[in-house]
Structure formats: structure tokens, C-alpha cells
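Structure, as C-alpha cells:
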Amino acid sequence: MVSPAIALAFVPLLLTLIIKYRYYFVLFYRAVLVRIWKDCVTGLSREERAFQYVLTNSTPGDPDSILDAFDYWCSKVEFISNIGPKKGKILDRLLLEQSPLTVLELGAHCGYSTVRIARALPLGARLYSIEMDQGNAAIAEKIIRLAGFDDDTVELIVNPSDEVIPRLRSDYNLERLDFVFMDHWKKCYLPDLQLLEEYGLLGKGSMIVADNMLFPGAPKFLRYLRKCGLYEWKIHRAMLEYSRGIRDGMAELIYQGIK
Amino acid sequence: MPVDTLITSENDTDIELDFAGDEDFQENHERQKHKGKRRNGDRPKNKRENQRRKRSSKSVQGIREESQSTTERRERRRRQRGKAEHETSGHQGNKGERDQTRVKTTKSKKNLKNEKTRKLEGKEDGEAQERSEKGKLKPVCAKNEEKIESGDQLKEKEKALGVKKKKKRKKVVETSSEPETSEESEDEEEVNNDGEVRPELLSPEELEKLKEAVDEKKKLIQSLRGKPWPMKQKLVTLRESQLFVEKYEGALGKGKGRKLYAYKVMMTKKWKKFQRDFENFKTACIPWEMKIKEIESHFGSSVASYFIFLRWMYGINMILFGLTFGLVMVPEALMGRPYGSIPRKTVPRAEEAGAMDFAVLWDFGGYAQYSVLFYGYYNNQRAIGWFKFRMPLSYFLVGVGTVAYSYMVVIRTMARNANESGVGDDNSFNFSWKMFTSWDYLIGNPETADNKFASITTSFKEAILEEQESRKDDNIHLTRFLRVLANFLVLCCLAGSGYLIYFVVRRSQKFALDGLENHTWWERNEVNMVMSLLGMFCPMLFDVISALENYHPRVALQWQLGRIFALFLGNLYTFIIALMDAINLKRKEEKVVKYNITMWEASLYNGTGSENSTAPPVTIHPADVPRGPCWETMVGQEFVRLIISDTMTTYITLLIGDFLRAVLVRFLNHCWCWDLEAGFPSYSEFDVSGNVLGLIFNQGMIWMGAFYAPCLPALNLLRLHVSMYLQCWAVMCCNVPQERVFKASGSNNFYMAMLLVILFLSTLPAIYTIVTIPPSFDCGPFSGKNRMFDVIQETLESDFPAWFSKVFSYASNPGLVLPFILLMVLAIYYLQSTSKSYREANVELKNKLQMQNEENKKKNKQAALKAQMDLEEARKSACQTAELQRNNNASVQRREDDEEIYNKNQRMYHVRNPSPSVGDREPHFPVRGPAPRNCHNGNHGNPRYLPGFHQQSEPRMYRVPSLERH
């Protein structure tokens, strides 16, 4: 029988852990517990609830107001892992610097990042957005149309990315992607990147931006980047979206090709 | 403007040299100038101007001294010129010279570093060039062409400075300058060039030259580092010149002398190599140096400072161990009475059964307790062995000596560190410091470098924010509140941990009264466990709390250290208080035992006496003799147990907290839903402050307990040795570099100060017990005495002559001691005040320097501004004059219009350049128009200048005095 004094000696440890990882506990509460609770109460999925809020609280045809509504909902009401306003600014800057004509987005989720990218695109550019989940894709479609982007600007492809990428060249007549944004399953970052390389969709100077490099993180992807030497890359350090204490980063890769 | 003056002086000497009227050379010289101009680029006009002045100064004979060297040079030049004329057409000589000028210009181009030195070097180059000219021209006169050709080649090579391209060019020049040499000879030249020079074929003159060349090469090698060349060129030059030196150095000297010379050269080389190897060897001899360096390269200097501290501590413990082991333990073991001879050296009968059990030994009971490891084993025999070793005295002096030695070392180290650190004000040039000193050059690991880079950028961001906030000054209240809150929380934590320990100690006393055998292992070891656990977890909590405060990491580290210090100190002193209670208990017990023993002895003798009065005294086995509790051994045991449990906790934390965590993170990462390495548990960071304090407190316990357990330094040595390897390994294999890598330059003395405080605080209880509590009556070297320090008195009385003890008694008289102490205090006060005044003087000097610097900067800026203004103005005026003159020439009748334009221009002029220094340049200017205007009328009527030709040089010339005037 361990004496109570020894047990009391563990209190500082407990306190330390709680204080140190408080942001993670908060995140767990908001992203998991609240979600389950609301799912049970409303009977709608999280994305549908978000869509409802955006529909009622934004101006149709105005991407900025839609993004603002999303940000508000995600930070105050519930949590959806969009790219968020802060990392979004980095993305906007990269897009403005690059001004790409063909853009591929992996993982549209509910269309936040799609709207964000489409907003920053130059005239005549085209965005291909890939989403695996049917329900999410439907909501993303609605959001995109609500923001006022037509079929010529944004094309939503509802399929898993590893099926779509091999067919991009044949089905969509894509020669070269200027810009790729990855925000889908973190495990798929590396295989998808390798697929893109394999099918020659990347040209010299193509930029790839991958979100959530540190949390939840894609270690294999990073390891591959360090090793392969095909890219010039760096990580923009930032915080996780809609949360203050969790560090996260976006990787910016520029394809250099084989030297 | 020293450059201008230098140039003019040089040129002037040249003119003087050529004053005899050699137009050819003048031409050459001009061409040379031309080239130099093209190369130098930045001041071509200037040179031209100087030439102009030179020419004009031809007619004006200047009175100038001619140094010996210049006359020599002149003669030499004359000679060679004569030769050149005699030998070939001027055309060829020209070519050769042109080549040399090229060399010279290239050379001078390289030396951009210091203009003055550049000029000086230029002169040197000129000399060298002359020499080479001589060399080049000679072969034609001399008959033995081939041989001297090689010497010539040498010269060429020397000139060529190792650039292959240049060499090739040289060869071309060679051929062109000597068309009569056939192709074969050229081949021969090449062969000569490539093959070795046969020194015996060289004439003494050539040898001399060779020697000079070698010397020059050596000089070049030495000065290479300071030259502003690209690295590649430097390397090439270095290699070439080294090869050259190696090749021809041995060739110098003659016959025996040559051999000797070669031998000398070889020996110097060997000596150098030996020195280098010896340096390496010395580094290799410093224990763990390479390990620490490696850690430093991975983790930055703050982590390395811990290991350096550990090594230093190891050294100190080595000496403590040497003292106790050599002067106390070994003599007692070798020369003292053997085990089992007397009761204090025997395990009592009651404990004999389990005295060899591991559990008992692990608790330092049984045979371990009755051995040299503890105080109680030592006998109070005054002298032991055949050479009368004074054991009790030695024991006492070693106990005092270890502490004294530690004080000395710590204070000396502190003083040395204080000297090194100097007076640095980090606040006044915050950004400059950050800019130029924030990189840690010892980092050799890309990941750490990455972290360092990130931390520097964040520190810049923070500094900028801080700067902004200090102006805004609104958030300071929040920061203050947070800091106060953090301190409050920490205090709460400290109080809580203190109470917990107090509670546990009280409980353990209750257990002790009940008898320890009735309780579980957990309850028996509660005090140690709780102390270790609190010592482990509370720092973590402090660390988390200190995030609130938002200090710079170096400051945060010091706060953290201070807090942990308070925690450990509280724990330690609670422990000591508990020990004191235990000592008092033991002493009460001792009294009872003492009484019992007298009763027992009396009964023993009575019992035997009644039967037979002449019988020999009863022999009782020493194990059966009843004995006192011996509180000294108990204290020693407690400390040893504490050290052991502390060490165990450290190692187990290391293994579980670092190693196991690292293993889990590493291998679970493949099948986990988030990135374990970058995200949540991650790898642990090396906790510098906690480790340092652990070390310091460990040392404090050693100092406290070493008197009662001579084995403690040995144990500590073992612990430090193991932890050196273990922690080195753990750091390299399972820790990641800190997020904010910072330099630990300032904190070293902080560690030392803490060590000093701990040393003082740990000697305090030890001295207290020694002075106030009488030693046990039946164990230890001081048994039977009233106080432990009576040993000294006894020694004085019996071992020293009578006069000595008398002197000593006088010396220890308060009447003598008190004035002495007073004197010491006064001396300390005096030294302190002087050092303070020195420091003030230092600060003042620094301020003065700074002020002067700023003033100079300001002055320079002003001067530069003024110069620029003058320049612009002059340019403007030149333009104007040109325009005006043209206008004048074109139409005289439109003078009025002209003057109107003129007026306009001048108005503009007035607005642009209010400087008065321009006005008094040429006051004697012919009057044309109203007088005030004319004052500002630039160089209009000057007949020497053609319009548009000379725009910049004139004001430049004037700028110099105008600058110097201010």
C-alpha cells in the first residue's frame, strides 16, 4: 500500500501536465466532445451545421464575408480544421507571388480553403479541388457557388486523391500544375506527392504548399523532403488554426526537378 | 586625405628621378598610370590631375631630400635603361615593361584593404619589378643563357603569384621580348621550369635572388590571411608559394652549409608538427573533452556548461576522495586494529544473523555499518601502526581540510570567472548585440542550427515588439501582475512541498518510535521517496509557471534556478531538522545504555569476584558487549542512504522520462494518428537548471555528511563518473535541442555562487554538531573526549614542545584574535571599496569612449555631407562656365540676355549651395558684372580649363584643405 504522502508528491506532476498541455485538452474538448454532443443533439453533421451558419450569416457572392463567417463559427462555436485566417494569410501571399494558372487542391473539406485560394487567383486561372467524402463535397460545392465562383474557375472532383491524380493528365488535359495545396489526410501527403512526381505534373518552379506539418504532422513527408533533394523547401511556423498554444507549420516546396 | 598626398609624393619622386629627361620612361609611366586608373576606377580623375600637377611642377624645382634608397633605385633604373637601349630597340623594352606594369596593376588591384598600405606595397612592388627587370634584361648580356634563364623563370614564377593564366601570358611575353631564342630553347625553358633547379649551377648572385624570392614567399604566406582576396585565390596562392618554398628552400646555402640548412628546415617542420600533435594530445588528455564538444555542437553552450560543471565537480571530488581515502580510510584499514578485535569493530550478536543480507547491506547496515565506511568503526587510539599515525587527529584535520579546500576552490573559481565576464551592458545596444553576437558558433548540428536560427528570429521579433511596447507602455501592468502571480504560485508550491515533507518526517518519527520492523518498505522509505519525488516534479511545475512571466530565457533560467534552490534548500533543512531530532533521541538512549553498561559490568565483576577473586578477568566476545547507539554513524548512514536514493531517482528518471519516452515516440510514431515527434509528447529537452541544482545539492550533502561517513566522497565520485557517461549518452540519444538555444556565458558564476551558498549552508549544521554535541562514548575516533575538537588540544599538549602550546594559547587569546579579525574586516572593506572605484572608473571610461565614438561619427558624417555638397556645387559651376563661355563666344551682343540666364543660374546656385567655403576659393577672379555675383562665379575665366573637360578634379583638389580646416 503506497502511503498517501507519496501519492501527494505526484500532485505537482499532474498540475504540470495539465498546465503544459492545456491547449491540447481544450482542443480535444472542442473538436471531439462538443462535436459528439452536437451531433447527438441536432442530428446534423458538423459540416452541415457550419454551412447553415454560413448561409445565414454571410453575403452571397462575397468570398470575404463567407470566410469571416467561417472563421467566427470555427473559433467561437465549434472547431473545424480549416486552414484558418493566419496561415491563410501566408497562403494568400504565396499565391499572389506565384500567380499560378493551374492550381490543384487536395482536400476541399467544406470549401473554406477552396474559396480562399480561388479568391487570390489571377484572371483566367483554374482551380481543381479534390474531395473524397460525398457529404463534404456537396457542402463544399454549395459554399463555392455561394461565394460566386463558377465552374470555369473552380472544378470540384469527388474522388480519393490517389485515384484522381493519375487521371489528371488524361481526363482534365492538365500538362503542368503551378500550385498544389495539400490539406487532406496527413498520411496521404507523401504518396500523393510521389504520384504527382511520377505522372510529371510538376514542372520546374511549381509550388506545393502542405498544411498541418507539425500538428497533427506528417513526419514521413518531412523525412522524404529532407532526403530527396528535388525541392527547395521551408516551413512557415505558425499556430494551429483557431487555437493559441499549439504550434503548427506550413511547408512551402518549390519543385526544382532533377539536376 | 592621405591617399592624395601619398600619390603626389610618389609621383613627385618619380619625376625627380626622371628629371634627367627620359621621355620614354615618362611615357611608360603614364601608360602604367593609365592602366592603374582603369583598374582602380574610383579615382581616375584624381590621378590625371596629379599627373598634370606633376608636369607643371617639372619647371618648379622642389627642394626635397633624397633618401639612400631612392638614389639607389634611380641608379639601378638608369643602368637598366642604358642596357635596354644598348641591347634592343625601345619597342621591345616597352613591351617588357608593359607586361610589368600589368603585373603591377594587377597586384595593386588586389590590395584594396588599406589605401595607405596599398601605396606602400605598390612601392615595394615597384622595387620588386625593378629587380625582375634586371633579371630579365641580364640574360641577353650574359653568355650562359640557359642557366640564367632558369633563374629568370624563377623570377617570373614569383611574379606570377600562382595564377596559371597569368603564367601562360608571361610565357607569351617572354617569347615576344626575346625573339632570337629558338623554339628549342623554349622547350628547354619549360623543362627547366618543371624540373628541379640545380643549385650548384647557380651563381652566388642568383642564389641571393633565390633566397630573396623564398623569403618573399614566406612573407606572402604569413600575410596571406589578412589579404582581401577571394578564398579561392588565397588557397591557390598559398599552395603555390608553399610548393615554391619547399622546392627551393633546401637549395639555398652551399655544400655543408646547404645540408645544415636543409636539416634545420626539416627540423623546424618536424618541431611544428610535433607541437601540433602535442596540442591534440593535450586536448585528448582533458577528460571527456571531445564528448563535451560534441554535445556543445548539438545542443549549444548552455547544455555543455552543465557538463563542464559536472567535470569540474568531478575534479573536486577526486581531491576530496584522495584526502579521505588516503589519510583516513586506508590507514585505519591497514594499520588499525582488525575487524572483530573490539566491540565497535564487530557486528553485535543480535544483528549477526542478517548482517550479510543484501537488503541490510543495501541499507548500509550489518557489515557495511561496522567497517571503515562509517565513523563508528574508527578507534580512539591516539597513534596507530609502526610509524605512529595520529588517527583521530588525521580524521579531524581531513574533515576540516576538505571543507576548507572546497571553499578555496569555489571562491578562486568565482574570482576567475568574475574577471572573465567583465562589465557588459546588454541594454544599451540591444539590437547590435543581437545582430552581431547572437549566433552560437559552437553549434555543429543542422537541427540545432535551425532551432538557433528560429530562436534568433523570434528574439528579434520580440525585441522589436518590446521596443514598441516600451514606447506604448500599456501592457506593463499585465506583465507585472503575471510575474507577481507566478511568484505567488511558486511560493504556494514551496509551502505545500515544505509542509508535505514536514508531515512525512513527523510520521517517520512516529514509525521510528513504534519500531521500523512493523511497517512496510514504502512507509520506511517515505521521507526519501517524497523528497526525491518533490525534487523531481516541483521544478517541472515551476518551469510551467515561469512561462507566465515572459522573461528572457537566460533570466528565466536564473529565476528557475533560484526557485529550485529554495525548494531543495527547504527539503534539505527539513531533513536536517528531522536528523537533529533523531540525534537527540539517540543521545537519550545513549544515556540509558551508559547506565546499563556500568550496571552490567559491575554485575559481571561482582559475579565472578564472589567465586574466585584471583581468577583472570572474564573474556567476553566483543560481539556480546552491550554498546551505545552511536548517533554519528546513524547520521552518516542517513546521508549515504539519501545519496543513494537520490542517485537512483536521477537514473530512473533518466531512463523512464527520457529513454523510454524517446523509444515510445520513435517507434510508435509509425502507427499513431498524430506526429508524436513534433507534436504532443515529443522528445524531452535537457533540463539544465534542474540538473545543475541536483548536482549542487548532491555536493552539499557530501560536504555535510563526509565527516560522519568517510565513504561519501568515494560514492559521489562513482556517481559522478557514471552520470557523466549516462547523461552524455542520454543527451545524445534521447534529447532534442532546446527550442530557444541560448548562450550560457553569464550563468557560470551563478552556479558558483549557488555552490558557495550551499557549501556554507551545508557546513553550518556539520560544524554545529561538531562543536555542540559531545561524541558518543564508545564509538568513533573521538570517543571518551568531551568535544571532538579536543583532539587538537591533546596533540598540542603531547606531541609538540611546551613553548609551542604556550604560543598557541597566547595566539588563541581573544585579545589577539579580535584585533586580527578587525584587521581582516578592514582589509576586506578597503579592497572592496577600491574595486568599486575601479569599476566606476571603468564605466566612465567606457562612456567616454562611446561619446567620442559618436562625436567622431557625427563629424565624419558632416564632413562627408559637406564634401558631397562641394562636389555638386563644383560640378554645377563647371557646367555653367562651359555654357556661359559657349554663349560668350557665340554672341557678344546678346550679353544682356546672357546675363539674365546667368542670374537665374546663380539664383539656383544660391539656393542649392549656401556653403561659404566655396565663395572664397578664387577671390581674385576678373570682375565681370556685379561684384557679389562674381564671388560665386566658379571657374569661368580660368584659361587653363577647357569647357567640359575638367569637371570634377578641381573641386576635389580644393576639398582637402577645406576639410582639414574644420
Side-chain angles (χ1 to χ4, degrees), chain A residues 1-28 31-32 81 185-187 189-190 210-223 225-227 233-240 243-251, chain B residues 446-447 450 454 457-458 489 492-493 496-497 499-508 511 519-545 547-548 567 657 665-666 669-682 739:
Chain A
M1 172 59 202
V2 177
S3 73
I6 293 178
L8 268 179
F10 279 92
V11 169
L13 178 68
L14 208 65
L15 278 177
T16 310
L17 290 180
I18 290 173
I19 295 175
K20 205 167 180 181
Y21 299 115
R22 60 190 183 282
Y23 293 113
Y24 292 91
F25 293 124
V26 169
L27 184 68
F28 177 75
V32 179
S81 73
W185 288 107
K186 314 308 162 204
K187 289 236 156 79
Y189 280 10
L190 180 58
D211 191 21
N212 297 108
M213 284 323 291
L214 301 181
F215 185 87
K220 279 180 194 163
F221 184 73
L222 277 180
R223 213 166 294 141
L225 285 189
R226 284 205 187 95
K227 226 168 40 192
W233 64 285
K234 62 180 166 190
I235 285 191
H236 298 275
R237 284 161 197 274
M239 290 294 163
L240 188 70
S243 144
R244 277 184 305 129
I246 302 173
R247 285 182 306 113
D248 194 10
M250 274 200 338
Chain B
E447 211 170 311
D450 219 31
T457 38
T458 46
L489 287 177
C492 285
C493 190
S497 77
Y499 181 73
L500 192 63
I501 290 177
Y502 177 73
F503 174 76
V504 170
V505 165
R506 287 287 296 276
R507 236 160 79 100
S508 77
F511 293 154
H519 297 276
T520 57
W521 186 85
W522 289 107
E523 282 169 335
R524 266 184 284 138
N525 289 295
E526 214 176 42
V527 181
N528 289 345
M529 289 283 292
V530 166
M531 272 180 68
S532 303
L533 286 177
L534 282 179
M536 203 162 67
F537 297 141
C538 281
M540 289 185 196
L541 190 59
F542 294 162
D543 200 24
V544 167
I545 288 172
L548 275 179
L567 175 81
V665 165
R666 182 86 182 78
N669 204 18
H670 296 291
C671 46
W672 205 259
C673 54
W674 68 74
D675 190 357
L676 290 169
E677 283 178 351
F680 168 37
S682 172
E739 233 167 88

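Lettering of chains follows the sequences in order, A, B, ..., and the numbering in each one begins at 1.
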- request: Starting from the C-alpha separation in whole Å, work towards a yes-or-no answer on side-chain contact (heavy atoms from CB on, under 4.5 Å) for A:Leu15 and B:Val544.
  value: CA-CA 9 Å; A:Leu15 278 177; B:Val544 167; over 6 Å; no

message: Using a 6.0 Å cut-off, check whether atom CZ of B:Phe503 has over 12 heavy atoms from anything other than its own residue.
response: no

- request: Mind checking salt bridge (Lys or Arg N to Asp or Glu O under 4.0 Å) for A:Arg22 and listing every partner two or more places apart, or none if nothing turns up?
  value: none

message: Restricting to non-hydrogen atoms, name the atom on B:Leu541 and the atom on A:Pro12 that form the minimum distance, rounded to 0.1 Å.
response: CD1-O, 4.0 Å

field: Listed partners of A:Phe10 passing side-chain contact (heavy atoms from CB on, under 4.5 Å), at least two apart
entry: A:Ile6, A:Leu13, B:Leu533, B:Phe537

field: Most contacts with chain B, counted as non-hydrogen pairs under 4.5 angstrom, among A:Gly249, A:Pro219, A:Ala218
entry: A:Pro219

- prompt: Using non-hydrogen atoms only, which part of A:Lys186 is less than 4.5 Å away from chain B: side chain, backbone, both, or neither?
  reply: neither

More than 12 heavy atoms from other groups under 6.0 Å of CZ on A:Phe25: yes

query: What part of B:Met529 gets closer than 4.5 Å to chain A, counting heavy atoms only: side chain, backbone, both or neither?
result: side chain

message: Heavy-atom count check: over 12 atoms from other residues, nucleotides or ligands less than 6.0 Å from A:Arg237 CZ?
response: no

